[in-house]
Amino acid sequence: MAITLPDGSVRDYDAPTTGAEIAASIGAGLAKAALAVKVDGELRDLKRAIDHDAALEIVTSKSPDALELVCHDAAHVLAQAAKELFPDIQVTIGPVIEDGFYYDFSRSEPFTPEDLEKMEKRMAEIIDRDEPIDREVWDRDEAAAFFESIGEDYKSEIIRDLAADQTITLYRQGNWIDLCRGPHLPSTGKLPKAFKLMKLAGAYWRGDSRNEMLQRVYGTAWLNKDQLKDHLTRLEEAEKRDHRKLGREMDLFHFQEEAVGSVFWHDKGWRLYRTVRNYVRRRLEAEHYQEVNTPQMVDRSLWEASGHWEKFREHMFTAQTEDDRIWAMKPMNCPCHVQIFRQGTKSYRDLPLRMAEFGSCLRYEPSGALHGLMRVRAFTQDDAHIFCTEDQITSETIRFCELLSSIYSDLGFEDFVVKFSDRPEVRAGEDAVWDQAEDALKAAAEAANLDLELNPGEGAFYGPKLEFVLRDAIGRDWQCGTLQVDFVLPERLDATYVAESGDRKRPVMLHRAILGSFERFLAVLIEHYAGHFPLWLAPTQYVVATVTNEADDYAAEVHEELAGAGLVGLLDTAADKISYKVRQHSVGKIPVILAVGKREAEERTVSIRRLGSKDQQSLALADAIHTLTNESQPPA
RNA sequence: GCCACCGUAGCUCAGUGGUAGAGCGCAUCCUUGGUAAGGAUGAGGUCCUCAGUUCGAUCCUGAGCGGCGGCACCA
């Protein structure tokens, strides 16, 4: 039997052999480091028989697959520990997720934080026991009956739902046996003690809110302690830049009970909001969008016609008036934009017609969904609808992608990925229409040179969509932009244009947003910059701080000149020491501190200190104003 | 909406069945000091709300509201 190794060398072995034996035949060090094996590209247990010619690769902690193996084993060891400590629980599933794993248990008593500690300790003990982990192939019915007999009903349910041709494998480690596809490490001792149980949470069985709620234990697992430590440091870093915390510290906005899910924007937060909005508005104007504004409250009949009433009624705020009319606060702008489109007769010459609105929407989001600015009940979309012909879908998509990528770049995001979401199970429109819409969007995305990740079944109910996901400064992904092709709404709301032939035709509607919602995007922006905004975005751009009160008059003059040049800042003439002021304003994340004392007043200069730097630069007042004015200009 | 946890000063948090405390912040005064905390004094609290238990509840019990972490949802 010929085994080909990654370096191209071929070794001969008697069949059957195992990955473990092959590793041992290559070297004792490798045998010790081996975690699993890749046979013809398929990840397998080290101890599993190999009985045919194959390309083989020994997986060690240096392999890219190692972390997933480790996380998967950590989940199993957690389940074993939990079962040992709490024999009355039922185990369900425990998959690997980003940065770790979780395991869902069924138990009448809730777990406590102390239980987590106990489980973590027991996991370490199981590792110390170094119990062999062995794969067993079982008959389906026997396996199902076995799990039923030991009271593991969820496991037997999983087995019964597995595809008929699926091999049923169980993994035994010590006194514990679990249904699992594998692969696994050869023994529990191979699992690095670089894991931590992070939190307890509720989760529905099979992710369905109609099912019972299980108790989920989240853990993180790594190849070594340094990696674990780095991960925990990253979490701390993320916590420090939490927009809710910075929003309070920087006096940007607040929330309160009387208006759950709606933002009270303070002066500085609203200035940031306006800066971004004004920037986007200029970019849209340059792209020949028309900006419109539509009613906040619209009779239910329009939402019935659009189909939203049927699907989203319980998530809409409504009001009833004396005349028994029911009004809905608009949860989106699309149907209103169609109303504007329908005014007068549109010609093919009017297309593509790009209609934008900074549309304030209200949605009664489930209470558990609310999260700072990220998910609110009152928000404003940078919404637009492009009414166009089918032939124009491609060129409009390309154009949109260029605009989006340029805007993301100006706002400090260079990286983004694009996901393609196709038809969901519950949807409006014929399959033929969906075929058409999906094909058109895919073709347009190809023409725009986008690398698409597929997101099956995640489209909007009226059409497929592209989702633009940007990556922030600490590597987190945020879905912000979207482009959706819609053949349905123009039909439902009877939008037409007169074609070249003189016939009436349906326009296609492209729903598109770049930021998504201002609220959410500003949260992303705050966390991306950790509050250290570039000058053009900073709500307070500078502070003029006096070294002594003898410089007060000159400081006031500097402040006046900067304000006159269009910058926004503060004058600090308090009788505090300059070092105290530098600290205060650094903590306040003001990008530019201009210190002025007797010397500056006499020489008509300023001493500039930038946030994050200890250096100072002495500049003539006129030069400083010139420099800062230039630097504070928005892009484009 | 569901599961768990939490709710005390502007913020971060101690604490107690007999109506409360720290640090920071804030105010006033002193200090005029050259780039990340000078000093003194002082003002702030319906201990989330409502009911119950109790001689007495911020503390115990229940309900509600809100927050936080997940799940579900996200036009």
Side-chain angles (χ1 to χ4, degrees), chain A residues 102 104 109-113 115-116 198-218 242 244-245 248-249 251 254-261 303 306-316 330-335 361 363-372 374-375 379 381 383 424 426-428 458-463 465 479 482 484 486 489 511 516-517 520 545-552 573-588 593-600 607-616:
Chain A
Y102 66 76
D104 284 349
E109 284 284 294
F111 287 128
T112 65
D115 293 339
L116 270 196
M198 303 297 286
K199 56 197 171 198
L200 289 163
Y204 296 107
W205 166 236
R206 300 203 146 167
D208 189 329
S209 59
R210 287 165 302 190
N211 290 343
E212 66 268 50
M213 181 141 295
L214 305 170
Q215 295 189 60
R216 176 169 297 178
V217 178
Y218 281 94
D242 188 312
R244 294 165 299 184
K245 183 173 144 80
R248 189 172 51 238
E249 288 172 1
D251 193 18
H254 84 272
F255 290 93
Q256 66 185 52
E257 284 191 34
E258 291 81 354
V260 177
W303 308 106
S306 71
H308 291 97
W309 187 262
E310 190 193 354
K311 193 162 189 321
F312 293 111
R313 195 243 157 292
E314 72 251 34
H315 298 295
M316 288 161 81
K330 75 172 168 187
M332 41 146 33
N333 311 296
C334 336
C361 298
R363 295 181 186 174
Y364 186 66
E365 300 285 7
S367 56
L370 302 175
H371 181 94
M374 294 284 183
R375 190 88 178 265
F379 58 95
Q381 297 173 320
D383 201 7
V426 182
R427 58 182 180 262
E458 296 291 316
F461 78 93
Y462 48 71
K465 61 184 179 187
Q479 197 239 302
T482 184
Q484 309 170 3
D486 182 1
L489 212 52
H511 304 242
S517 95
R520 179 178 155 82
T546 51
V547 179
T548 79
N549 288 124
E550 285 172 281
D552 282 2
T573 54
D576 296 314
K577 295 213 287 194
I578 189 66
S579 56
Y580 181 79
K581 294 183 185 182
V582 165
R583 180 183 146 77
Q584 288 306 299
H585 301 303
S586 298
V587 168
I593 298 175
L594 302 155
V596 299
K598 223 162 154 183
R599 200 162 63 223
E600 285 79 7
S607 166
I608 295 189
R609 178 184 166 125
R610 303 282 182 155
L611 181 59
S613 159
K614 281 188 164 43
D615 298 337
Q616 299 147 50

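In the text below, chain A, chain B and the rest are named by the order of the sequence lines, each starting its count at 1.
- Among the nucleotides rU32(B), rA75(B), rC74(B), the one closest to the side chain of Asn549(A) is rU32(B).
- Listed candidates were rC3(B), rU12(B), rG25(B). Nearest to the side chain of Arg248(A) is rU12(B).
- Remark: the separation of the C1' atoms in rG1(B) and rG66(B) is 16 Å, to the nearest Å.
- For the residue pair Asn211(A) / Asp208(A), no side-chain donor-acceptor distance below 3.5 Å is found, with atom types taken as modelled.
- Rounded to whole Å, the C1' atom of rA4(B) lies 30 Å from the corresponding atom of rA20(B).
- In terms of modelled atom types and a separation under 3.5 Å, the side chain of Arg520(A) and the main chain of Ser517(A) share no donor-acceptor contact.
- Of all nucleotides listed (rC71(B), rA75(B), rG67(B)), rA75(B) comes nearest to the side chain of Ala460(A).
- The separation of rC59(B) from rA14(B), taken at their C1' atoms, amounts to 14 Å, rounded to a whole angstrom.
- Using a 4.0 Å heavy-atom cutoff across all strands shown, Phe255(A) reaches no nucleic acid atom at all.
- At least one side-chain nitrogen or oxygen of Arg244(A) sits closer than 4.0 Å to the OP1 or OP2 atom of rG69(B).
- The aromatic ring of Tyr218(A) does not stack onto the base of rG70(B), failing the criterion of a centre distance under 5.5 Å from the six-membered base ring together with planes under 30° apart.
- Across all strands shown, Ala203(A) has heavy atoms under 4.0 Å from sugar-phosphate atoms exclusively, and none from any base.
- Within 4.0 Å (heavy atoms only), Pro366(A) reaches at least one base atom of the nucleic acid.
- Looking at heavy-atom distances under 4.0 Å, Arg599(A) makes contact with a base.
- Side chain of Val260(A), nearest nucleotide from rG25(B), rG67(B), rA36(B): rG67(B).
- Looking at heavy-atom distances under 4.0 Å, Tyr580(A) makes contact with sugar-phosphate atoms alone, never a base.
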- Pairs under 3.5 Å (Watson-Crick or G-U), crossing ones as [ ], inter-strand ones as |: RNA chain B comes out as (((.(((..((((....[..)))).(((((.......))))).....(((((..]....)))))))).)))....
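- Contacts of Arg248(A) classified as salt bridge (Lys or Arg N to Asp or Glu O under 4.0 Å), with partners at least two apart in sequence or in another chain: none.
- Taking the side chain of Met213(A) as heavy atoms from C-beta on, and the options rG34(B), rG70(B), rG69(B), the nearest nucleotide is rG70(B).
- Among rC65(B), rC11(B), rA75(B), the nucleotide with an atom closest to any side-chain atom of Glu257(A) is rC65(B).
- rG25(B) sits 38 Å from rU61(B) when the P atoms are compared, rounded to a whole Å.
- A gap of 33 Å separates the C1' atoms of rC55(B) and rC13(B), to the nearest Å.
- Residue Gln479(A) is out of contact with every strand shown, counting any heavy-atom pair closer than 4.0 Å.
- Using a 4.0 Å heavy-atom criterion, one finds that Ser579(A) contacts the sugar-phosphate atoms exclusively.
- Contact annotation: Lys245(A) does not reach the phosphate of rC11(B) (side-chain N/O to OP1 or OP2, under 4.0 Å).
- Counting non-hydrogen atoms under 4.0 angstrom, Lys598(A) reaches a base of the nucleic acid.
- Residue Arg609(A) has no polar side-chain atom (N or O) positioned under 4.0 Å from OP1 or OP2 of rG34(B).
- No contact: Lys330(A) has no heavy atom under 4.0 Å from any strand.
- rG52(B) takes the anti form, because its glycosidic angle lies more than 90° either side of 0.
- Taking the C1' atoms as reference points, rC48(B) lies 8 Å from rC65(B), given to the whole Å.
- Applying the salt bridge (Lys or Arg N to Asp or Glu O under 4.0 Å) criterion to Arg375(A), with sequence neighbours excluded, gives Glu365(A).
- Spacing between rA75(B) and rA36(B) at atom P, rounded to whole Å, works out to 50 Å.
- Across all strands, Ser607(A) comes closer than 4.0 Å to base atoms (heavy-atom distances).
- rG33(B) and rG15(B) are spaced 40 Å apart, taking the C1' atom of each and rounding to whole Å.
- Tyr462(A) and His511(A) have parallel rings, their planes meeting at less than 30° on a 0 to 90° scale where 60° marks the start of perpendicular.
- Between rG1(B) and His315(A), no contact under 4.0 Å exists linking OP1 or OP2 to a side-chain N or O.
- Counting any heavy atom pair closer than 4.0 Å across all strands shown, Gly307(A) reaches no nucleic acid atom.
- For rG69(B), the OP1/OP2 oxygens have no side-chain nitrogen or oxygen of Lys199(A) closer than 4.0 Å.
- Phosphate proximity of rC2(B) to Ser209(A): absent, as no side-chain N or O sits under 4.0 Å from OP1 or OP2.
- The side-chain heavy atoms of Leu200(A) and Val217(A), taken from C-beta on, include a pair separated by under 4.5 Å.
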